[in-house]
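Structure record follows, encoded as structure tokens.
Proteins come first, then strands; the chains are lettered A, B, ... in the order of their sequence lines, and each starts at number 1.
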Amino acid sequence: MRGFEYVRAADPADAIHAARQTSSAPPTLAPTQFLAGGTTLLDLMKLDIMRPTRVVDISGFRNRTDGIAFDRQGLHLGAFVTMAEAADHPDIRRDYPIIAQSLDLAASAQIRNMATLGGNVLQRTRCSYFRDTSWQACNKRSPGSGCAALRGLNRKHAVLGTSENCIATYPGDFAQALVALGADIEIAGPSGARRVKFEDLHVAPDAHPEIETILNPDELITGFAVPAGPWTRRSLYLKVRDRESYEFALASAAVALDLHDGVVNEARIALGGVATKPWRAREAEAALKGRALSEANARQAAEAAFATTKTHGHNDYKPELGRRTLVRALMQAATVEA
Amino acid sequence: MAGIGTAALRLDGPAKVTGGAHYGSDAPFGKPLYGVLVTSGIARGRITAIDEQDARAEPGVVDIFTYRNIGKIVPGNIMDGDGYMGTSIAPLASAAIKHDGQIVALVVADTFEAASAAAYRLKIDYAEEVPAATFDSPGTETVAGVVASKKHKDPAVGDAEGAFAGAPVKIDAHYATATQHHNPIELFTTACSWSGGKLTVWESSQNMWGAKTGLALQLGISPDDIHFVSPFVGGAFGSRGSLTQRTAIVALAAKKLARPVKLATARDQGFTIATYRAETRHHLKLGATRDGKLVSVSHEGFEVTSRPDNYMVSGTDASTRLYGCPNVASKVSIVHADRNTPGFMRSPAETPYIFALECAMDELAYALNMDPVELRKVNDTQNEPIKGLPYSSRSLVPCFDAAAKAFGWSKRSMQPGSMREGEWLVGWGTATTMYPSNISASTARVTLFPNGTAKVQTATHEIGQGIYTVCALIAAGKLGVDPANVIVELGDSNLPPAPVSGGSNSTASVSNAVSKACDEILAKRAQGANGAIEAYAENIPKGDPPDAIRKLYKGQPSFTGGTESKDSIRFAFGAQFVEVRVHRLTREIRVSRTTGAFAAGTIVNPTTARSQLMGGMIWGISAALHEATEIDPRNARYTNKDLADYLIPVNADIGDIEVIMIPEEDSIVNPLGIKGIGELGNVGMNAAVANAVFHATGVRIRQIPIRLESLLVA
């Protein structure tokens, strides 16, 4: 990697101050970057894809900020909690299995021990053309340069939320659980704290694939608030991939169900591996509401979720795989004890 | 008394797990400089400009080597054509770019970090030409194997076309295998140090004497002035059998800078600076009688290679001889593309060609409505069909019997899609595995000390197969000493030469040489010698040319075995069984258990033999379901050059593996009766997995790796 200035921040306010930006670049291209677990940033710096001139180390906040807490409203997760800490928490495993599973099925044990929840949701795409600077065309890496994946090898690329400028898949898992459960995200910045729907954190590529979230470069994720609901216990995360572990999803489904006598009161559904951002499948949720959870009805919901896809050749299979993944997840979730 | 056949733990195991084993980049050179490679971002064209200014401004940078200043390096010939190299494409010979990821510069700095940063700051401009990537790309050139190589023959006998036309049951199908890269965990590292005109090279190698001879030719110096050291190898699988072009570049940089230079290439660079298994295509035609007897076998193969080199694996040599059949035809062609030259990768010839044949045999079994095991038995033979030579030994049927019983094959229902467990479709598949039993001339020095200890010295290579322990067992058994009291020295070109550790020959070649040296010690002792008794032995296998030892001292093996012998055909065999599970909806394919039975003559160390065969079976699962290097056809560039996207199985992908070793005696292959097993374990697995996927789903997939999307039908 290239040389950079290293700053260790004492607390979030100090970090935000250290990260005040002199450029107008979006966070992905900003010259100052936060370093928490380092599992994405350092990787991309070694590949010369991210070239910050200043790195603000926030990993020391881990023991001085919020951890894992429960109250009647729901679950609160501090941004500096590691993936492993959250995945292993017995109450999360019991009451929010969708969260534990989305974390357990991601990465490797070593990475889960390092990576923080705040960093996890900002993990960047695994698009091969993005991750290799010798490819000239990548609008995400080099705005305006084009997209090598559109007519390239795009087996793992997205079919939902794409644009003419980018079809890179959002790679994470945990974010789908947060989207499905309707979580909020807490953000600290130079002008104070704000709280937004987690579902609104990520933005589809449209004309600007380099803009991946609504965050400003000097804003820091501090926590997640997950509301309790009648569907949180009967929930699961299903991840379909070429190998059993340590791989990104070809398709995944985060599903939480409120069932009454086999009839769906409410279904919460998010899709991964198939979209450019964590994808809430509202059409599928609506299709299930008030109906018996049969495989035929699940299939109808899945059809609704993938009604408007755009494929690019090697990923032509993804809508069908996505539908089947959702059907399987719904039928499996129905068997979970509430 | 411990000796041949003793189940022994690895003598080098403790060193390996405690960090005591030294690999290439562990070279004990004081104050080395660090090198980082820069590789091309195009596959064909030329360098038009190099701007070093920014890179040289990086603090700590010492020098930058490109085609403009590296000096003279003789490209050399590829090993497949009597040279020592993996490729004849000399990367820094000129401004020309001939494949993706070609070495274009070596940046040398005081630290690895400085060299890495400077490498990114080096600006290189190219004039790009449209390259031909692979099969079907415009601009490739297809050449018949018999035209490309004098060594290649297209085995044939009888009238395969006529017999096929008249056969009552026929299979006519096309198969394909993917590009694969070895990806040893130890990266491709090289450390070079000069002293008084002599060069020491620390580099993991399967071929010490070949590497030093080849490097001497490249640098125009005497092989006597090069010392190659490689006590341990962190995975090779064929990738370290030939010399890569990086070594000479590092050697010249170290010479010019008068400092040792250490190079560790990045994972992605390993995909383009070393060899790989090229993608292949196959056209199989099988004709059979209604009772399953083959009457016609026809196998046509196509293999990708580079523009300049005629690398070819020619697996029809094996596939045309596996079953008894009076009419056989074959043809191999190579397809030149703008790629680096492919090379040896675990069972280079047999893996793709036997995959095609054994899938076709499964298809034939279904066309006949005959059990796939029964079909193999019906066509078993003790004489190969091309020349009618006898197999030196062939225990295929006992392997099928033992493995089928252990696997529970009799409970299989023939109908595809008929076995199920909950949400998972269950499929059982089988295939034959075979691998030539090679042996080469080899040398060894053994010393027996009065205190009951012994020392074995031979320049063979510990590539994970357990050759340290094998050497100790051979000497211990012969000399009557405890294996723990045998010091084994290998992996050093100052030791007596042993052949390349490839073609599964090392255990046979080295054991017979060590055994011969021990015999000489015993003879000397019988004649009254006392004190430390030393013997140096040269073992020339029956059938090897008389100059085999001279060639060995030039780093070239003289393989006999396989189809190379005039009086017999020599192969090891096995039967492989696989159970897969395929989810009824999402179609993930998982291998839940496998059983393999193998007969390979004398097993020197059953413990490490089991590990080797098990590793081979896992490799086969990997090839069938996971491994593929993806190439963008637009510009002939690889797109998945890391271990996140070039998939190999994780532990959770590998279910129960059962390895059965069938006793077999073979006095023809060599005096100790050893057949190699390093490459036997994986050959049949690709087809066994594919056949199991068909049995689970009823969908016949004729190319590997098999991905779930090909099963998303109805």
Interface moiety of B:Ile621 toward chain A, non-hydrogen atoms closer than 4.5 Å
neither
Counting heavy-atom pairs under 4.5 Å with chain B, which one of A:Lys156, A:Arg2, A:Lys46 comes out on top?
A:Arg2
Is the shortest side-chain heavy-atom distance between B:Ser710 and B:Val699 below 4.5 Å?
no
Pair B:Arg637 + B:Asp100, salt bridge at N-O below 4.0 Å:
yes
Classify the ring geometry of B:His181 against B:Phe271: parallel below 30°, tilted from 30° to 60°, perpendicular beyond 60°.
tilted
Heavy-atom pair count under 4.5 Å with chain A, highest-scoring of B:Thr39, B:Asn640, B:Ile631
B:Ile631
Heavy-atom cut-off 4.5 Å, strictly under: side chain, backbone, both or neither for A:Arg131 against chain B?
side chain
The interface call for A:Asp242 against chain B, heavy-atom contacts under 4.5 Å, is both
Go through the atoms of A:Ala251 and report whether side chain, backbone, both or neither lie under 4.5 Å from a heavy atom of chain B.
neither
So, the part of A:Leu250 with a heavy atom under 4.5 Å from chain B: the answer is side chain
Under 4.5 Å heavy-atom distance to chain B, tell me which part of A:Gln332 shows up: side chain, backbone, both or neither.
neither
Do you know which of A:Glu320, A:Arg51, A:Arg126 has the most heavy-atom pairs with chain B at a distance under 4.5 angstrom?
A:Arg126
Which one, A:Tyr129, A:Tyr246, A:Phe248, leads in non-hydrogen pairs under 4.5 Å with chain B?
A:Tyr129
Apply the salt bridge (charged side-chain N to carboxylate O under 4.0 Å, His left out) test between B:Glu588 and each candidate in A:Arg324, A:Arg328, A:Arg243; give the one that qualifies.
A:Arg328
Answer key: most heavy-atom pairs under 4.5 Å with chain A among B:Ile589, B:Asn651, B:Thr586, B:Asn635 is B:Thr586
Are B:Ser592 and B:Arg581 close enough that a side-chain donor and a side-chain acceptor fall under 3.5 Å?
yes
So, A:Ser102 side chain and A:Tyr237 main chain: donor-acceptor pair closer than 3.5 Å or not?
no
Go through A:Arg155, A:Glu247, A:Gln136 and name the one with the most non-hydrogen pairs under 4.5 angstrom from chain B.
A:Arg155
Which of A:Arg241, A:Arg112, A:Lys239 passes salt bridge (charged side-chain N to carboxylate O under 4.0 Å, His left out) with A:Asp173? It is A:Lys239
Proximity breakdown for B:Pro59 and chain A, heavy-atom pairs closer than 4.5 Å:
neither
Hydrogens and angles aside, do B:Glu630 and B:Thr639 bring a side-chain donor and acceptor to less than 3.5 Å of each other?
no
Measure A:Lys318 against the heavy atoms of chain B and call it side chain, backbone, both or neither at under 4.5 Å.
neither
A quick test of your reading: do over 12 heavy atoms of other residues, nucleotides or ligands sit less than 6.0 Å from CZ of B:Phe112?
no
